[in-house]
Amino acid sequence: MRGGYNVPVAGAPLPEIRELPAPDRLYLPLASRRLDFGDVRVEEGQRVARGEVLAVDPEHFSIPLLAPYGGIVRLSEVEGHIVLDELDTTAGDRAAAGSTGAVAERLLALGAWQYLSDARTGDAADPAGRPSATIVSTLRLEPFLAGGEAQLDGALERLARGLEHVRGMAPEAPLYVVVPNADAPLAAELRKAVSACSGAHVVSVPMRFPFDDPALLARYLKLPAGPDTTVWAIPVEGVLAVEAALTDGRPCTERIVSFAGPAVTEPTHFRLVPGHPVADILAERLCREPARVINGGLLTGVVLSPEQRGVDSECTGLTVVGEPTRQTLLAFARPGISRRSYNRSFVGTLRTDMSMRYRAGLSGEVRPCIACGQCADVCPAGILPQVIHRHLYADRLEEAQRTRVDLCVGCGLCSFVCPSKIDLRTELLDAKRVLREEEEALRAEAEAEAARAAEAKAAEAEETQAGEVTV
Ligand code: SF4
Ligand code: SF4
């Protein structure tokens, strides 16, 4: 493992979890980071029970959006959302359809499958596929998000059962469980719980962002890579969701969402359900306004759109940083404790243990690359972001490919440390996406060509046979 960096930023929550009172209504977004629940399965005014399927994502194995509580469906009240009204928060879990079928089917029906992904691409795992290995990470190292230390408090027995279930899903594939290399009591207990799981290999990595990234871990573990070789990745909350689904047949309708950042009065991890109104979470909990709300972590999250009314079904955290209200002359050359940006900030004084109160302003404009090499120093993928940036700037996509843009894991550290404020992460991820689309189009074309050739050969053989009969 090389590179990486722990961002010294103020506003981290304590590793304990607080419950939020149930709201009056839920606003369930029909899209989240990876999923698009375009196939709505309920009607206006319909009463649904907890765990009932509201919509599915047809592009991703019909992963469902489940009703977190019972309630009345409102489809046309808020664009892009299913609203649940007249909530019944006391009703018991409804046995989900398919809960007695094959394991993958049950996990899909109970909402736990959405936690399984392809370690290298981050795409949803194929329920019909078989992995060559499975990686479970108990770490979440991006600032503020809830990792094992919060998720597993009092849940080590459930983790052990969940790991047995995960192992049973692909018994022939090795199971790697990533634990912190710290001396904390929980780390020791974790190692003990993991060691009790038959066939699980304990892997400990340094506690430095982004060493919990599944693609990096797959490379670090030297797991075979190839178009037909999949490695599954499951975060610790996914293992708990699998345990709840397979042990008790419980639908996965809760999330732990961190609410933190320099603009939050009391940074906390909340246990809540998807659809919880964002406005309720923000109300009277901000110490600085205007503020920017980021859906996800500080480095890899996306700015929450003002149209999004509720927490989405993949949300891991809401990170809040102050917005700048005025420009300061030559601010980029005079960074102060409250004047630096949360990303693309001035690098000269980053190397400090002091927690900084980052904010969303850039304090100056984007400038040309000065070849300082800071981006390459922190890059955990071992590539040279500044060189790839030069190729992309000159529209040389093939050169970017040759310099291994595909290895970028999108951690965002290069953008964070760049003194010229170049958004390297976005540039590299865009290039990666274009290259992947081109590769997929070429593969589809080659497959279609091979199918055409096979058809022509079969037709030729048929003709020859018919000719022989006539003679
Ligand atoms: S190039 Fe990619 S992997 Fe490397 S630091 Fe930047 S975002 Fe992270
Ligand atoms: S950190 Fe920014 S300025 Fe420095 S080499 Fe990388 S791209 Fe260039």
Side-chain angles (χ1 to χ4, degrees), residues 1-9 33 117-122 137 139-143 145 205-221 225 233 294 296-302 332-333 335 340-351 358 362-397 399-436:
M1 288 264 178
R2 67 174 301 286
Y5 179 59
N6 277 337
V7 180
V9 56
R33 202 157 184 180
S117 62
D118 178 322
R120 293 201 176 81
T121 62
S137 179
L139 304 178
R140 186 163 269 143
L141 300 172
E142 188 163 3
L145 303 185
V205 297
M207 296 285 279
R208 205 155 71 235
F209 178 73
F211 292 171
D212 55 333
D213 182 275
L216 281 182
L217 290 168
R219 248 178 267 156
Y220 172 67
L221 293 167
I294 300 160
L298 191 65
L299 290 145
T300 63
V302 291
F332 70 89
R340 55 201 73 200
S341 26
Y342 78 90
N343 66 2
R344 298 190 264 170
S345 64
F346 194 93
V347 77
T349 52
L350 270 180
R351 307 294 178 171
Y358 292 102
L362 286 184
S363 298
E365 296 305 315
V366 175
R367 296 180 291 278
C369 169
I370 55 167
C372 67
Q374 292 284 345
C375 52
D377 277 357
V378 291
C379 178
I383 53 178
L384 300 171
Q386 74 278 39
V387 173
I388 299 174
H389 161 72
R390 276 206 292 280
H391 290 320
L392 295 175
Y393 193 72
D395 236 350
R396 295 191 299 256
L397 202 56
E399 293 297 322
Q401 191 174 17
R402 264 194 284 279
T403 36
R404 301 303 308 267
V405 66
D406 58 304
L407 293 181
C408 169
V409 295
C411 67
L413 281 175
C414 50
S415 299
F416 184 83
V417 300
C418 178
S420 293
K421 304 168 183 180
I422 301 167
D423 193 356
L424 295 153
R425 174 180 185 262
T426 305
E427 277 183 14
L428 269 64
L429 286 184
D430 282 350
K432 232 179 113 163
R433 182 180 43 76
V434 170
L435 285 167
R436 197 172 153 199

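Only this structure's heavy atoms are used, side chains among them; waters, hydrogens and symmetry mates stay out. All values derive from a computational prediction rather than experimental measurement. Just follow the structure's listing: the first ligand is 1, and inside any ligand the first atom is 1. All residue numbers in this chain count up from 1 along the given sequence.
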ask   = Should Val417 and Leu413 be marked as a side-chain contact (heavy atoms from CB on, under 4.5 Å) after you check the CA-CA gap, both sets of side-chain angles, and the distance that decides it?
value = CA-CA 6 Å; Val417 300; Leu413 281 175; 5.5 Å; no
key: Test side-chain contact (heavy atoms from CB on, under 4.5 Å) applied to Ser415 and Thr426, step by step   = CA-CA 9 Å; Ser415 299; Thr426 305; 5.8 Å; no
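Under 4.0 angstrom from ligand 2, the non-hydrogen atoms of Leu424 all belong to its side chain.
Heavy-atom contacts of Val409 reach the following atoms of ligand 1: 2 (Fe), 3 (S) (cutoff under 4.0 Å). Close contacts between ligand 2 and Ala371 involve ligand atoms 5 (S), 8 (Fe) [criterion: under 4.0 Å to a heavy atom]. Close contacts between ligand 1 and Cys379 involve ligand atoms 1 (S), 3 (S), 4 (Fe), 5 (S) [criterion: under 4.0 Å to a heavy atom]. Residue-ligand proximity, Cys369 to ligand 2, at heavy-atom distances under 4.0 Å covers atoms 3 (S), 5 (S), 7 (S), 8 (Fe). Near Gly410, the atoms of ligand 1 lying under 4.0 angstrom from a non-hydrogen atom of the residue are 2 (Fe), 7 (S). Taking a cut-off of under 4.0 Å to the non-hydrogen atoms of Gly373, the atoms of ligand 2 that pass are 4 (Fe), 5 (S). Near Ser420, meaning under 4.0 Å from one of its heavy atoms, ligand 2 places the atoms 3 (S).
Remark: the backbone N or O of Leu435 is not paired with any side-chain donor or acceptor of Gln401 at under 3.5 angstrom. Distance alone, capped at 3.5 Å, places no donor-acceptor pair between the Arg425 side chain and the Phe416 backbone. A donor-acceptor pair is defined here as one N or O able to donate and one able to accept, closer than 3.5 Å; no such pair exists between the side chain of Ser420 and the backbone of Ile422. Of the possible donor and acceptor atoms, one in the side chain of Glu142 sits under 3.5 Å from a partner among the backbone N and O of Leu299. Using a distance-only test at 3.5 Å, with no hydrogens or angles considered, no donor-acceptor pair links the side chain of Asp212 to the main chain of Ser137. Of the possible donor and acceptor atoms, one in the side chain of Arg219 sits under 3.5 Å from a partner among the backbone N and O of Leu407.
Nearest protein heavy-atom neighbour of atom 6 (Fe) of ligand 2: Cys375 SG, 2.3 Å. Scanning all protein heavy atoms for the shortest distance to atom 2 (Fe) of ligand 1 gives Cys408 SG, 2.3 Å.
Between Glu399 and Val405, the closest side-chain pair of non-hydrogen atoms is not below 4.5 Å. Val302 has its side chain out of reach of Ile294: every pair of non-hydrogen atoms, C-beta onward, lies at least 4.5 Å apart.
Nearest-residue assignment for atom 3 (S) of ligand 2 (options Ile388, Val417, Ile370, Asp377; heavy-atom criterion): Ile370. With atom 5 (S) of ligand 1 as the reference point, the heavy atom nearest to it among Cys418, Cys411, Ser415, Pro385 is part of Cys411.
Among the backbone and side-chain atoms of Cys372, an N, O or S atom lies under 2.8 Å from atom 4 (Fe) of ligand 2. Among the atoms of Cys414, none of the N, O or S atoms falls under 2.8 Å from atom 4 (Fe) of ligand 1.
At least one heavy atom of Leu428 sits under 4.0 Å from some atom of ligand 1.
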